[in-house]
Novice: 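Can you read through this structure? Questions will come right after.
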Number of protein chains: 4
Amino acid sequence: MAVSSRSGPVRSEAARQAILQAAIEMLAERGYDHLAIEGIASRAGVGKQTIYRWWKSKSAIIAEALLEGMILGERLEVPDTGDVRRDLTTWLHAVGEVLLSSQGEGLVRSLIAAATDNADVGQRLRDAIAGSGSGALSTRLAAAIGSEPHLPEGAPIDDIAEALVGALLLRALSRSPLDDHAIAALVAVAVGPPRA
Amino acid sequence: MAVSSRSGPVRSEAARQAILQAAIEMLAERGYDHLAIEGIASRAGVGKQTIYRWWKSKSAIIAEALLEGMILGERLEVPDTGDVRRDLTTWLHAVGEVLLSSQGEGLVRSLIAAATDNADVGQRLRDAIAGSGSGALSTRLAAAIGSEPHLPEGAPIDDIAEALVGALLLRALSRSPLDDHAIAALVAVAVGPPRA
Amino acid sequence: MAVSSRSGPVRSEAARQAILQAAIEMLAERGYDHLAIEGIASRAGVGKQTIYRWWKSKSAIIAEALLEGMILGERLEVPDTGDVRRDLTTWLHAVGEVLLSSQGEGLVRSLIAAATDNADVGQRLRDAIAGSGSGALSTRLAAAIGSEPHLPEGAPIDDIAEALVGALLLRALSRSPLDDHAIAALVAVAVGPPRA
Amino acid sequence: MAVSSRSGPVRSEAARQAILQAAIEMLAERGYDHLAIEGIASRAGVGKQTIYRWWKSKSAIIAEALLEGMILGERLEVPDTGDVRRDLTTWLHAVGEVLLSSQGEGLVRSLIAAATDNADVGQRLRDAIAGSGSGALSTRLAAAIGSEPHLPEGAPIDDIAEALVGALLLRALSRSPLDDHAIAALVAVAVGPPRA
DNA sequence: ACATAAACGAGACGGTACGTCTTGTCTTGCG
DNA sequence: CGCAAGACAAGACGTACCGTCTCGTTTATGT
């Protein structure tokens, strides 16, 4: 004898998808602070009220899109060849390219801007990159425990990952290129100086 | 025998100061994205055109105020007692309080938001905290070279400082509190695990 | 079986009225070129966009108010006692007072200024005064056909009316008072010299 | 032993001419209400203060240019062939062309707009057209006294001229074309119906 | 099947802020 | 001391969005 609470139509999944899709497209195109709810509604073919009914702010839309993996996708997975220095180096090169690419330039900063007024975005941004899933940075570092000077048993894996990601954000904010030298230095910070 | 390039009135220093002052006050009060140029002009008793004549955007105003030390001031200097672990711990406690305080909450995120559309702000933010002046983090770490496991001769001081600051920004974005455990972990990332 | 062309909210008649009312009040108070759209919006308790949505310029607002009879009203009707000379004289005295009165001073010139960038205003201004409704000048002259030297069968009634109104506008522009002598002369121009 | 009343340079005639010239050019190009004092100063190569020092408003500049004959020039002189009907017809055709021409379109309305906030402009506008110099309308009508039905001895010449000019202004304001029919009607108003 | 009622698209509304333009005054240094 | 140049406080311009609110239409239940 389950009772339904009300009659009438349910939330339109098509509208939800269209909104998220329009949001991430326009985020990439115009950046977070030229992203307008009216623009999203118009591009998604949706009334503004449909957005306001389900989300509190535009940052909440971004947070949801981020959670669904619609933004960063799998572009930033850390490889695992067994050699953690090589893997980190490879990954940092990939990240560096995203930071500089025409589509990524601005995207990362846009996400930071979104995080600025929505803690969820910040958390999901951190989890998505440093987090503990498969392909995530923490996981990769954990697998290397014992093999590098800075990664003894009990090393603060999560904090190392966080510091690494933080350093990348800082570079994104100051538009410093992530060149070979910087990459080597970051690897050294994370796992220790190369053996002689 | 300097020659002046033109005649006519000269930039009003009083107006410049009033604008910067009004900007940082309102930044602290209302956050970066409720900071309005009209509001700054009105609070500074200045015409809008006087702002647009000299700055390209509100983030440029913040960048200039930051450069003049009107925002972070000397609140974030790293102490130097000779014991780098103790000094970092003390400093991180101070930073943690700024991040949580009613006046600092939002201020750091506001600066990040400003950095989001102005590379200068990002650079000055980094320099102001990680930079190499007296009382700056890099300087303090350099002084400790040789005394800690992660700080041998040739350690990538600047990158360590950057990673530390980045980690703090990331915590600011995700509103993670900077508790004793996190502080200890960050110290370990920077200078290595405590000796037995 | 009329079909509506779209769904959604409908134009607010209250806002429209408030805008027209505010516009004519401020026109009388401050004159056409100190009439600001922002001022109208503010006095009408309306957003600026609500004005721009429906009118192209401030002169279009004046044109509409004029069309609705909100400005000149019935102040300028030509009387009809059967004696066209007496009627014109009476009417010109009334017009002269409007031109000189504190509320009319400026109002007529303001309407001329509005006509300056909106043909509709010019047309409605002409129609409202010279036009062919009941109480209008043309009508009164037509009724007098055959009774005066300049008004034989086939006289160019409309052009006489237009010339008369034009002469009044020219006096308004040059701030020449409309004294008894001028009135008599204008009557003579319109209907001919008095009989001996 | 003439004494000068003060030291220092004297009003620059070159600047005065440049200002008047720039003003009438821009008046023709952009219309009275897009005519900006800054624009005049800039085009004339003059400081704004030099304008404000000598004129109270932009309409005063127009008034002065009008007085000097820099605007209407001799374009509107009434011919005198001895046949007043023909002369008026010719003149009205010329006026009609000015009203419709690309350079005159707007110019007349601009002058009306200027008259709107400067009685001098109105007066000079009337005098320049209806006035009593050689080639002026009143003069031409006076010469025809006795030869036409509406022009007996003692006819109100000045008022007829004024009514005619007023009718033209009204047509300029309402953008009514001055076609052959209208011209014939105006001639009839001024001098009476054509003889059978 | 029908009534109910929520979700929808559209978009008008009162507002705030934008970045630009112009006003009239003031300031500086040249001639 | 007149002038060209131009900074200044003030404030209106017309545009872009905000978040709320009405419309009229379109579904999905519950009766």
Side-chain angles (χ1 to χ4, degrees), chain A residues 3-12 14-15 34-42 44-54 56-58, chain B residues 3-12 14-15 33-42 44-54 56-58, chain C residues 3-12 14-15 18 33-42 44-54 56-58, chain D residues 6-12 14-15 33-39 41-42 44-54 56-58:
Chain A
V3 293
S4 120
S5 56
R6 58 167 191 81
S7 67
V10 295
R11 178 172 186 180
S12 156
H34 294 102
L35 180 62
I37 298 233
E38 293 203 341
I40 296 173
S42 151
V46 134
K48 286 202 291 175
Q49 196 59 243
T50 301
I51 296 184
Y52 284 110
R53 191 162 16 239
W54 303 109
K56 274 176 28 192
S57 63
K58 64 181 180 178
Chain B
V3 294
S4 109
S5 55
R6 64 165 190 84
S7 65
V10 107
R11 178 170 186 181
S12 158
D33 41 328
H34 294 100
L35 180 62
I37 297 220
E38 293 205 342
I40 297 173
S42 153
V46 135
K48 285 203 288 175
Q49 199 55 48
T50 300
I51 297 184
Y52 285 109
R53 190 174 302 115
W54 301 110
K56 274 177 27 192
S57 62
K58 63 182 180 176
Chain C
V3 292
S4 107
S5 56
R6 67 163 189 85
S7 65
V10 107
R11 179 170 186 180
S12 159
D33 42 329
H34 294 102
L35 180 62
I37 297 222
E38 293 207 340
I40 296 173
S42 153
V46 135
K48 284 203 287 175
Q49 198 54 49
T50 299
I51 297 183
Y52 284 109
R53 182 152 36 233
W54 302 109
K56 274 176 30 192
S57 62
K58 62 182 181 177
Chain D
R6 59 167 186 78
S7 65
V10 108
R11 178 171 187 179
S12 155
D33 39 330
H34 294 102
L35 180 63
I37 299 231
E38 295 206 341
S42 150
V46 133
K48 286 202 293 176
Q49 199 54 42
T50 302
I51 296 183
Y52 284 111
R53 198 172 357 253
W54 303 110
K56 273 177 28 192
S57 63
K58 62 182 182 178

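Throughout, protein chains are lettered first and strands after them, A, B, ... in sequence-line order, and every chain is numbered starting at 1. Predicted model only: the values in this text are computed from it and were never measured.
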Novice: Considering every strand and a 4.0 Å limit on heavy-atom distances, what is the contact class for A:Arg53: base, sugar-phosphate, or nothing?
Specialist: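 Counting heavy atoms under 4.0 Å across all strands, the contact made by A:Arg53 includes a base.
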Novice: Summarise protein proximity over nucleotides 14-20 of chain F in one line of letters, 5' to 3': B for base, S for sugar-phosphate only, - for none, counting protein heavy atoms closer than 4.0 Å.
Specialist: BBBBBBB
Novice: Give a yes/no on whether any side-chain N or O of C:Thr50 is located under 4.0 angstrom from OP1 or OP2 of E:dG14.
Specialist: yes
Novice: For A:Ser12 and A:Ala15, which heavy atoms make the closest approach, and how far apart are they?
Specialist: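 Answer, listing the atom of A:Ser12 first, then A:Ala15: OG-N, 3.0 Å.
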Novice: E:dT27 P sits how many Å from B:Arg6 CZ, rounded?
Specialist: 15 Å
Novice: Rounded to whole angstrom units, what separation is found between the CD1 atom of C:Ile40 and the P atom of E:dG14?
Specialist: 14 Å
Novice: What pairs with D:Ser42 under side-chain hydrogen bond (donor to acceptor under 3.5 Å, both in side chains), at least two apart in sequence or on another chain?
Specialist: none
Novice: Could you state the CD1-P distance from D:Ile51 to E:dT25, rounded to the nearest angstrom?
Specialist: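 Distance check: D:Ile51 CD1 to E:dT25 P gives 13 Å.
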Novice: Do C:Lys48 and C:Ile51 make a side-chain contact, defined as non-hydrogen atoms from C-beta onward lying under 4.5 Å apart?
Specialist: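 Sidechains of C:Ile51 and C:Lys48: no contact.
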Novice: Taking atom types as they are modelled, is there a donor-acceptor pair under 3.5 Å from the base of E:dG9 to the side chain of C:Ser7?
Specialist: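 Under the 3.5 Å cut-off, the side chain and the base do form a donor-acceptor pair.
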Novice: If you compare all heavy atoms of C:Gly47 against all heavy atoms of C:Ala41, which two are closest, and at what distance to 0.1 Å?
Specialist: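 That closest heavy-atom pairing would be C-CB, 4.3 Å.
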Novice: Need to verify one output field. Residue with the more 5' nearest nucleotide on DNA chain E, C:Ser12 or B:Val10?
Specialist: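 Its nearest nucleotide being more 5', the pick is C:Ser12.
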Novice: Taking only the side-chain nitrogens and oxygens of D:Trp54, find out if one of them lies under 4.0 Å from OP1 or OP2 of F:dC3.
Specialist: yes
Novice: What pair of heavy atoms forms the shortest contact from C:Leu35 to C:Lys58, and how long is it?
Specialist: O-NZ, 2.9 Å
